[in-house]
Amino acid sequence: MKLKDKVALVTGGGRGIGKAVALAYAREGASLAVCARTVAEIEETAKEIQSLGRECLGLVCDVSSEESVSGLLEKVAKSFGRVDVLVNNAGVMTRPTSIAEFEIKKWDYTIAVNLRGTFLVTRAALPLMMRQKSGSIINVSSSIGRGAYSNFSAYAASKWGVEGFTQTLAAELGSRIRVNSVDPGYVATKLTLYSGSKPESVTDLFVFLASDESKGISSRKLTASGWRSEIRQK
């Protein structure tokens, strides 16, 4: 029970990586708040977590909306009074398109969810963590946020932004509130048209970063496939 007595908030928890991480946290003893935009999906996730004997608050939230995020954190604070772990997982990716042909509305949508959403949820959760003087923030990134891939300009810009946000936030918060980014790799989710490895295969890193085992580890760019060796290298 690596996460006993901890409260975790997972965005994009209705399916894919977010759902797999939330269930992994529940198995390790955490109480959960999970959110997504699709009612049926988030309700199903909450039921599965509750069937494991864990408390779970399943909420509908658009992470790109300041009002929606504010309402989310108000409910989490009222129900649990704390947030020990925040996983900024909610994300979108449009069809690969050249920059010359990319529609402005699709660019704005991608940045709004992936980057603005990460900022809004983090900013709203921080007062609770700062009051506790502890916490772990895990931002889901991508290899596309760490290298050059043609025809993914909006997604790349959003994830490069997440990486910069992670580093800056880690520098601001110091060691008590850890901030790290995770590249989960090629995972079978809606974004990859369900090709790739199973979401459950990447949860070990998320559990590690949520647990006290990762105390002192912050501002790191970790990959789900090689994080154990990456931790030892620094």
Side-chain angles (χ1 to χ4, degrees), residues 7-22 25 32-39 41-42 45 57-77 83 85-95 102-129 135-146 152-170 172-173 177-184 187 189-192 199 206 209-210 221:
V7 175
L9 168 59
V10 181
T11 70
R15 59 173 181 256
I17 293 171
K19 181 176 182 177
V21 169
Y25 284 176
L32 271 299
V34 290
C35 71
R37 289 180 297 181
T38 305
V39 175
E41 290 180 346
I42 206 62
T45 298
L57 190 64
L59 298 168
V60 174
C61 179
D62 174 2
V63 298
S64 70
S65 163
E66 183 179 358
E67 181 180 4
S68 185
V69 169
S70 178
L72 168 71
L73 266 297
E74 286 178 7
K75 292 172 183 175
V76 172
V83 173
V85 184
L86 168 61
V87 180
N88 283 307
N89 168 73
V92 296
M93 182 170 66
T94 60
R95 182 177 61 84
F102 211 98
E103 296 179 36
I104 293 174
K105 65 179 181 181
K106 290 183 178 179
W107 174 279
D108 290 344
Y109 170 62
T110 304
I111 299 297
V113 175
N114 296 358
L115 183 53
R116 174 182 164 88
T118 295
F119 160 70
L120 287 176
V121 179
T122 300
R123 188 184 68 162
L126 269 179
L128 290 172
M129 289 187 170
S136 176
I137 298 171
I138 306 166
N139 295 326
V140 177
S141 183
S142 167
S143 60
I144 299 175
R146 300 176 181 180
F152 286 93
S153 58
Y155 188 75
S158 71
K159 292 301 184 180
W160 277 89
V162 167
E163 293 286 3
F165 178 72
T166 299
Q167 296 298 309
T168 302
L169 186 62
E172 288 184 10
L173 295 177
I177 301 175
R178 312 185 303 280
V179 191
N180 297 281
S181 66
V182 169
D183 169 13
V187 179
T189 67
K190 187 176 182 180
L191 296 187
T192 63
F206 287 88
L209 290 175
K221 299 179 181 181

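The model shown is predicted, which means the values in this text are computed figures rather than measured ones.
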Please give me the minimum heavy-atom distance between [X] and [Y], naming the atom from each residue.
X	Y	value
S141	S181	CB-CB, 4.3 Å
F206	Y25	O-OH, 2.9 Å
W160	G145	CD2-O, 3.4 Å
V76	A33	CG2-CB, 3.8 Å
G13	A36	N-CB, 4.3 Å
T94	T110	CG2-OG1, 3.8 Å

What I'd like to find out is whether the side chain of [X] reaches to under 4.5 Å of the side chain of [Y], using heavy atoms alone.
X	Y	result
V21	I138	no
L86	L126	no
I177	L169	no

Only counting residues at least two apart or in another chain, list the ones meeting salt bridge (charged side-chain N to carboxylate O under 4.0 Å, His left out) with [X].
X	answer
R116	none
K159	none
R123	E66
K75	none

With sequence neighbours left out, what residues match E67 under side-chain contact (heavy atoms from CB on, under 4.5 Å)?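 Listed in chain order: S65.
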Non-neighbouring partners of D183 that pass side-chain contact (heavy atoms from CB on, under 4.5 Å), sequence neighbours left out: S143, R146, T223
Is a side-chain N or O of [X] found less than 3.5 angstrom from the main chain of [Y], in a donor-acceptor match?
X	Y	answer
Y155	N114	no
S68	D62	yes
T45	K19	no
R178	L209	yes

Distance, nearest 0.5 Å, that separates [atom1] of [X] from [atom2] of [Y]:
X	Y	atom1	atom2	answer
T11	L120	OG1	CG	11.5 Å
C61	L73	SG	CG	8.5 Å
E163	T168	CD	OG1	11.0 Å
I111	S64	CD1	OG	12.0 Å
I137	F165	CD1	CZ	7.0 Å
I144	F152	CD1	CZ	4.5 Å

Checking N139 against T166 for the side-chain hydrogen bond (donor to acceptor under 3.5 Å, both in side chains) test, could you report, in this order, the C-alpha distance in whole Å, the side-chain angles of both residues, the deciding distance, and whether it holds? CA-CA 7 Å; N139 295 326; T166 299; 2.9 Å; yes
For a side-chain contact (heavy atoms from CB on, under 4.5 Å) check, start with the C-alpha distance between V34 and I42, then their side-chain angles and the critical distance, and finish with the verdict. CA-CA 7 Å; V34 290; I42 206 62; 3.7 Å; yes
Residue that, paired with V10, satisfies side-chain contact (heavy atoms from CB on, under 4.5 Å) out of N88, V85, V87: V87
